[in-house]
2 protein chains.
Amino acid sequence: MKSTAQASEPCCPPAKEQADLRPVEGDEADEELATLAKALAHPARVKIVRILIRKNACICGDIVDELPLAQSTVSQHLKVLKDAGLIRGDVDGPRVCYCIEPHALRRLRALVGGL
Amino acid sequence: MKSTAQASEPCCPPAKEQADLRPVEGDEADEELATLAKALAHPARVKIVRILIRKNACICGDIVDELPLAQSTVSQHLKVLKDAGLIRGDVDGPRVCYCIEPHALRRLRALVGGL
DNA sequence: GTGGTCCATCGTAGAGGAACGATGAAGTCG
DNA sequence: CGACTTCATCGTTCCTCTACGATGGACCAC
(Lines give C-alpha, C1' and ligand atoms only; values in the text may rest on other atoms or scores of the structure.)
Protein backbone atom coordinates (compact mmCIF):
# COMPACT_ATOMS: atom_id res chain seq x y z
CA MET A 1 0.00 0.00 0.00
CA LYS A 2 2.92 2.29 -0.27
CA SER A 3 3.29 3.12 -3.89
CA THR A 4 3.46 6.84 -4.59
CA ALA A 5 -0.19 7.47 -4.01
CA GLN A 6 -0.54 11.17 -3.43
CA ALA A 7 -3.31 12.62 -1.33
CA SER A 8 -4.44 9.25 -0.12
CA GLU A 9 -2.25 8.52 2.87
CA PRO A 10 -3.91 10.12 5.87
CA CYS A 11 -0.87 10.72 8.04
CA CYS A 12 -2.40 14.02 9.05
CA PRO A 13 -5.64 13.37 10.83
CA PRO A 14 -8.28 16.07 10.71
CA ALA A 15 -7.23 18.29 13.57
CA LYS A 16 -9.93 19.16 15.99
CA GLU A 17 -11.35 22.62 15.57
CA GLN A 18 -10.58 23.83 19.01
CA ALA A 19 -10.52 27.53 19.66
CA ASP A 20 -7.31 29.16 20.78
CA LEU A 21 -8.03 31.26 23.82
CA ARG A 22 -4.61 32.75 24.28
CA PRO A 23 -4.36 36.52 23.99
CA VAL A 24 -3.19 38.20 20.82
CA GLU A 25 -1.39 40.94 22.68
CA GLY A 26 1.20 41.19 25.39
CA ASP A 27 4.76 40.07 25.77
CA GLU A 28 4.04 36.42 25.18
CA ALA A 29 2.05 37.14 22.08
CA ASP A 30 4.87 39.33 20.84
CA GLU A 31 7.37 36.54 21.27
CA GLU A 32 5.03 34.10 19.63
CA LEU A 33 4.38 36.31 16.64
CA ALA A 34 8.10 36.98 16.28
CA THR A 35 8.82 33.26 16.34
CA LEU A 36 6.19 32.44 13.74
CA ALA A 37 7.24 35.36 11.59
CA LYS A 38 10.85 34.28 11.73
CA ALA A 39 9.82 30.85 10.52
CA LEU A 40 8.26 32.48 7.46
CA ALA A 41 11.10 34.93 6.99
CA HIS A 42 12.60 33.04 4.09
CA PRO A 43 11.04 32.57 0.66
CA ALA A 44 11.90 28.89 0.59
CA ARG A 45 10.00 28.32 3.79
CA VAL A 46 7.01 30.23 2.50
CA LYS A 47 7.06 27.99 -0.54
CA ILE A 48 7.26 24.88 1.61
CA VAL A 49 4.26 25.98 3.61
CA ARG A 50 2.32 26.63 0.43
CA ILE A 51 3.23 23.24 -0.97
CA LEU A 52 2.05 21.53 2.18
CA ILE A 53 -1.20 23.44 2.07
CA ARG A 54 -1.81 22.78 -1.61
CA LYS A 55 -1.33 19.06 -1.25
CA ASN A 56 -3.32 19.01 1.91
CA ALA A 57 -2.28 15.45 2.36
CA CYS A 58 1.28 15.13 3.46
CA ILE A 59 4.32 14.51 1.37
CA CYS A 60 7.89 13.79 2.13
CA GLY A 61 10.80 14.61 -0.08
CA ASP A 62 8.81 15.73 -3.07
CA ILE A 63 9.46 19.11 -1.55
CA VAL A 64 13.09 18.76 -2.48
CA ASP A 65 12.10 18.24 -6.08
CA GLU A 66 10.05 21.41 -6.10
CA LEU A 67 12.77 23.63 -4.74
CA PRO A 68 16.10 24.58 -6.28
CA LEU A 69 17.94 23.66 -3.11
CA ALA A 70 20.03 20.79 -1.85
CA GLN A 71 18.33 18.09 0.16
CA SER A 72 20.20 19.02 3.30
CA THR A 73 19.17 22.65 2.97
CA VAL A 74 15.53 21.73 2.56
CA SER A 75 15.81 19.49 5.58
CA GLN A 76 17.12 22.45 7.56
CA HIS A 77 14.22 24.62 6.49
CA LEU A 78 11.81 21.87 7.45
CA LYS A 79 13.40 21.73 10.86
CA VAL A 80 12.96 25.47 11.32
CA LEU A 81 9.29 25.21 10.44
CA LYS A 82 8.83 22.24 12.70
CA ASP A 83 10.57 23.90 15.64
CA ALA A 84 8.26 26.87 15.20
CA GLY A 85 5.30 24.51 15.36
CA LEU A 86 4.03 25.33 11.91
CA ILE A 87 4.41 21.85 10.48
CA ARG A 88 4.59 18.29 11.68
CA GLY A 89 6.64 15.35 10.47
CA ASP A 90 5.52 11.77 10.89
CA VAL A 91 7.78 8.88 10.05
CA ASP A 92 6.18 6.59 7.51
CA GLY A 93 8.48 3.74 6.76
CA PRO A 94 11.59 5.00 5.06
CA ARG A 95 9.99 8.37 4.38
CA VAL A 96 8.85 11.24 6.49
CA CYS A 97 5.46 12.71 5.97
CA TYR A 98 5.19 16.44 6.57
CA CYS A 99 2.01 18.36 6.94
CA ILE A 100 0.69 21.67 8.15
CA GLU A 101 -0.33 22.21 11.73
CA PRO A 102 -3.64 23.93 11.06
CA HIS A 103 -3.97 25.38 14.53
CA ALA A 104 -0.57 27.08 14.21
CA LEU A 105 -1.70 28.64 10.97
CA ARG A 106 -4.88 29.85 12.60
CA ARG A 107 -2.87 31.20 15.47
CA LEU A 108 -0.64 33.11 13.07
CA ARG A 109 -3.64 34.61 11.37
CA ALA A 110 -5.08 35.60 14.72
CA LEU A 111 -1.86 37.25 15.79
CA VAL A 112 -1.46 39.16 12.56
CA GLY A 113 -5.11 40.06 12.60
CA GLY A 114 -4.68 41.26 16.16
CA LEU A 115 -2.31 43.92 14.97
CA MET B 1 8.28 76.54 2.56
CA LYS B 2 6.55 74.07 4.73
CA SER B 3 5.54 76.26 7.60
CA THR B 4 2.22 74.61 8.31
CA ALA B 5 3.43 71.77 10.46
CA GLN B 6 1.67 72.30 13.74
CA ALA B 7 2.14 70.12 16.77
CA SER B 8 -1.38 68.77 16.92
CA GLU B 9 -1.44 67.77 13.28
CA PRO B 10 -0.86 64.08 12.88
CA CYS B 11 1.96 63.54 10.48
CA CYS B 12 0.18 60.49 9.13
CA PRO B 13 -2.79 61.54 7.09
CA PRO B 14 -5.59 59.03 6.62
CA ALA B 15 -4.19 56.90 3.87
CA LYS B 16 -6.39 56.37 0.89
CA GLU B 17 -8.34 53.17 1.05
CA GLN B 18 -7.15 51.82 -2.20
CA ALA B 19 -7.45 48.13 -2.79
CA ASP B 20 -4.34 46.10 -3.37
CA LEU B 21 -4.80 44.07 -6.49
CA ARG B 22 -1.58 42.18 -6.38
CA PRO B 23 -1.82 38.40 -6.09
CA VAL B 24 -1.39 36.63 -2.77
CA GLU B 25 0.36 33.67 -4.35
CA GLY B 26 3.29 33.12 -6.61
CA ASP B 27 6.98 33.83 -6.41
CA GLU B 28 6.59 37.54 -5.90
CA ALA B 29 4.06 37.07 -3.15
CA ASP B 30 6.38 34.58 -1.51
CA GLU B 31 9.22 37.06 -1.50
CA GLU B 32 6.94 39.77 -0.24
CA LEU B 33 5.58 37.68 2.59
CA ALA B 34 9.09 36.59 3.53
CA THR B 35 10.22 40.21 3.63
CA LEU B 36 7.33 41.34 5.78
CA ALA B 37 7.68 38.34 8.04
CA LYS B 38 11.37 39.00 8.49
CA ALA B 39 10.55 42.54 9.54
CA LEU B 40 8.36 41.13 12.30
CA ALA B 41 10.79 38.36 13.17
CA HIS B 42 12.02 40.09 16.31
CA PRO B 43 10.00 40.77 19.46
CA ALA B 44 11.27 44.33 19.70
CA ARG B 45 9.97 45.09 16.24
CA VAL B 46 6.61 43.55 17.02
CA LYS B 47 6.43 45.80 20.05
CA ILE B 48 7.33 48.84 17.99
CA VAL B 49 4.57 48.07 15.53
CA ARG B 50 2.09 47.68 18.36
CA ILE B 51 3.15 50.96 19.92
CA LEU B 52 2.69 52.77 16.63
CA ILE B 53 -0.73 51.24 16.22
CA ARG B 54 -1.82 52.01 19.75
CA LYS B 55 -0.83 55.66 19.53
CA ASN B 56 -2.30 55.95 16.12
CA ALA B 57 -0.82 59.37 15.89
CA CYS B 58 2.87 59.22 15.34
CA ILE B 59 5.58 59.45 17.88
CA CYS B 60 9.28 59.70 17.64
CA GLY B 61 11.71 58.64 20.30
CA ASP B 62 9.16 57.79 22.93
CA ILE B 63 9.66 54.33 21.52
CA VAL B 64 13.12 54.28 22.99
CA ASP B 65 11.63 54.96 26.43
CA GLU B 66 9.26 52.04 26.07
CA LEU B 67 11.89 49.51 25.15
CA PRO B 68 14.82 48.21 27.16
CA LEU B 69 17.21 48.89 24.33
CA ALA B 70 19.76 51.51 23.46
CA GLN B 71 18.72 54.36 21.21
CA SER B 72 20.95 53.18 18.40
CA THR B 73 19.46 49.71 18.53
CA VAL B 74 15.92 51.03 18.38
CA SER B 75 16.92 53.21 15.46
CA GLN B 76 18.20 50.13 13.68
CA HIS B 77 14.95 48.28 14.27
CA LEU B 78 13.03 51.26 12.97
CA LYS B 79 15.15 51.19 9.85
CA VAL B 80 14.37 47.52 9.31
CA LEU B 81 10.66 48.21 9.59
CA LYS B 82 10.92 51.19 7.29
CA ASP B 83 12.90 49.30 4.68
CA ALA B 84 10.23 46.63 4.71
CA GLY B 85 7.62 49.30 4.08
CA LEU B 86 5.73 48.67 7.29
CA ILE B 87 6.27 52.09 8.80
CA ARG B 88 7.04 55.59 7.66
CA GLY B 89 9.20 58.28 9.21
CA ASP B 90 8.58 61.95 8.61
CA VAL B 91 11.01 64.55 9.82
CA ASP B 92 9.29 67.08 12.03
CA GLY B 93 11.76 69.66 13.13
CA PRO B 94 14.39 68.09 15.32
CA ARG B 95 12.32 64.93 15.77
CA VAL B 96 11.22 62.16 13.50
CA CYS B 97 7.64 61.08 13.48
CA TYR B 98 7.04 57.42 12.82
CA CYS B 99 3.76 55.86 11.94
CA ILE B 100 2.30 52.71 10.52
CA GLU B 101 1.79 52.24 6.82
CA PRO B 102 -1.78 50.92 6.93
CA HIS B 103 -1.70 49.49 3.43
CA ALA B 104 1.39 47.43 4.28
CA LEU B 105 -0.40 46.03 7.29
CA ARG B 106 -3.40 45.17 5.16
CA ARG B 107 -1.12 43.59 2.63
CA LEU B 108 0.46 41.46 5.33
CA ARG B 109 -2.94 40.31 6.53
CA ALA B 110 -3.93 39.47 2.99
CA LEU B 111 -0.78 37.45 2.41
CA VAL B 112 -1.12 35.54 5.66
CA GLY B 113 -4.80 35.06 5.01
CA GLY B 114 -3.95 33.77 1.56
CA LEU B 115 -2.09 30.90 3.09
C1' DG C 1 26.78 82.83 17.41
C1' DT C 2 26.52 78.82 21.76
C1' DG C 3 24.48 75.09 23.81
C1' DG C 4 21.22 71.37 24.06
C1' DT C 5 18.08 67.85 22.15
C1' DC C 6 16.94 64.37 18.90
C1' DC C 7 18.16 61.02 15.90
C1' DA C 8 20.86 58.38 12.15
C1' DT C 9 24.99 56.24 11.15
C1' DC C 10 29.53 54.11 11.89
C1' DG C 11 32.48 50.66 13.80
C1' DT C 12 32.76 46.50 16.20
C1' DA C 13 32.03 42.08 18.51
C1' DG C 14 29.44 38.01 19.03
C1' DA C 15 25.53 35.05 17.84
C1' DG C 16 22.86 32.96 14.48
C1' DG C 17 21.22 31.92 9.58
C1' DA C 18 21.89 29.82 4.90
C1' DA C 19 24.02 27.07 1.79
C1' DC C 20 26.52 22.90 0.44
C1' DG C 21 28.70 18.07 0.40
C1' DA C 22 29.64 14.12 3.12
C1' DT C 23 28.25 10.84 6.37
C1' DG C 24 25.26 7.66 8.64
C1' DA C 25 20.78 5.84 10.67
C1' DA C 26 16.49 3.62 9.59
C1' DG C 27 13.76 1.20 6.60
C1' DT C 28 12.44 -1.62 2.29
C1' DC C 29 13.07 -4.79 -1.47
C1' DG C 30 15.23 -8.59 -3.87
C1' DC D 1 22.19 -10.86 3.99
C1' DG D 2 23.23 -7.02 0.90
C1' DA D 3 21.97 -3.20 -2.04
C1' DC D 4 19.19 0.73 -2.33
C1' DT D 5 16.23 4.64 -0.89
C1' DT D 6 15.01 8.36 2.18
C1' DC D 7 16.06 11.66 5.26
C1' DA D 8 18.53 13.94 9.38
C1' DT D 9 22.69 15.53 11.04
C1' DC D 10 27.57 17.09 11.00
C1' DG D 11 31.19 20.19 9.67
C1' DT D 12 32.38 24.12 7.05
C1' DT D 13 32.22 28.68 4.94
C1' DC D 14 30.21 32.95 4.31
C1' DC D 15 27.00 36.38 5.37
C1' DT D 16 23.42 38.72 8.13
C1' DC D 17 21.45 40.14 12.56
C1' DT D 18 21.70 42.17 17.11
C1' DA D 19 23.56 44.80 20.42
C1' DC D 20 26.24 48.61 22.13
C1' DG D 21 28.95 53.12 22.56
C1' DA D 22 30.71 56.87 20.04
C1' DT D 23 30.36 60.27 16.56
C1' DG D 24 28.20 63.76 14.03
C1' DG D 25 24.35 66.25 11.52
C1' DA D 26 20.09 68.81 11.83
C1' DC D 27 17.26 71.65 14.37
C1' DC D 28 15.47 74.86 18.10
C1' DA D 29 15.95 78.14 21.96
C1' DC D 30 18.46 81.64 23.75
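Chain letters run A, B, ... following the sequence lines, proteins first and then strands; every chain starts at 1.
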To the nearest Å, give me how far apart [atom1] ([X]) and [atom2] ([N]) are.
| X | N | atom1 | atom2 | answer |
| --- | --- | --- | --- | --- |
| R95(A) | dT5(D) | CZ | C1' | 8 Å |
| K38(A) | dG17(C) | NZ | C1' | 9 Å |
| Q76(B) | dC7(C) | CD | C1' | 13 Å |
| D62(A) | dT6(D) | CG | P | 9 Å |
| L78(B) | dA8(C) | CG | C1' | 10 Å |
| L67(B) | dT18(D) | CG | P | 14 Å |
| L40(B) | dC17(D) | CG | C1' | 16 Å |

Mapping V91(B) and K82(A) to their closest nucleotides on DNA chain D, which lands nearer the 5' end? K82(A)
Could you check Q71(B) against H77(B) and say which one's nearest nucleotide on DNA chain D is further toward the 5' end? H77(B)
Any side-chain N or O of S75(A) below 4.0 angstrom from OP1/OP2 of dA8(D)? yes
N/O (side chain, T73(B)) to phosphate O (OP1/OP2, dT18(D)) under 4.0 Å: no
Under 4.0 angstrom, heavy atoms only, what part of the nucleic acid is L69(B) near: base, sugar-phosphate, or nothing?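 Contact class for L69(B): sugar-phosphate only.
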Testing R88(A), R107(A), K82(A) one by one against E101(A) for a salt bridge (Lys or Arg N to Asp or Glu O under 4.0 Å), which residue passes? R88(A)
Whether R50(A) and D30(B) form a salt bridge (side-chain N of Lys/Arg under 4.0 Å from carboxylate O of Asp/Glu) is what I want to check. yes
Salt-bridge test for R22(B) and E28(B): reply yes if a basic N is under 4.0 Å from a carboxylate O, no otherwise.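 Salt bridge: no.
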Nucleotide of [options] approaching [X] most closely (side-chain heavy atoms):
| X | options | answer |
| --- | --- | --- |
| P94(B) | dT9(D), dG21(C), dC27(D) | dC27(D) |
| H42(A) | dA8(C), dG21(D), dA19(C) | dA19(C) |
| S72(A) | dC20(C), dA8(C), dA8(D) | dC20(C) |

4.5 Å side-chain heavy-atom contact, I100(A) and L86(A): no
With DNA chain C as reference, determine whether V74(B) or A70(A) sits nearer its 5' end, using the nearest nucleotide of each. V74(B)
Should K47(B) and E66(B) be marked as a salt bridge (charged side-chain N to carboxylate O under 4.0 Å, His left out) after you check the CA-CA gap, both sets of side-chain angles, and the distance that decides it? CA-CA 9 Å; K47(B) 286 187 200 306; E66(B) 293 213 32; over 6 Å; no
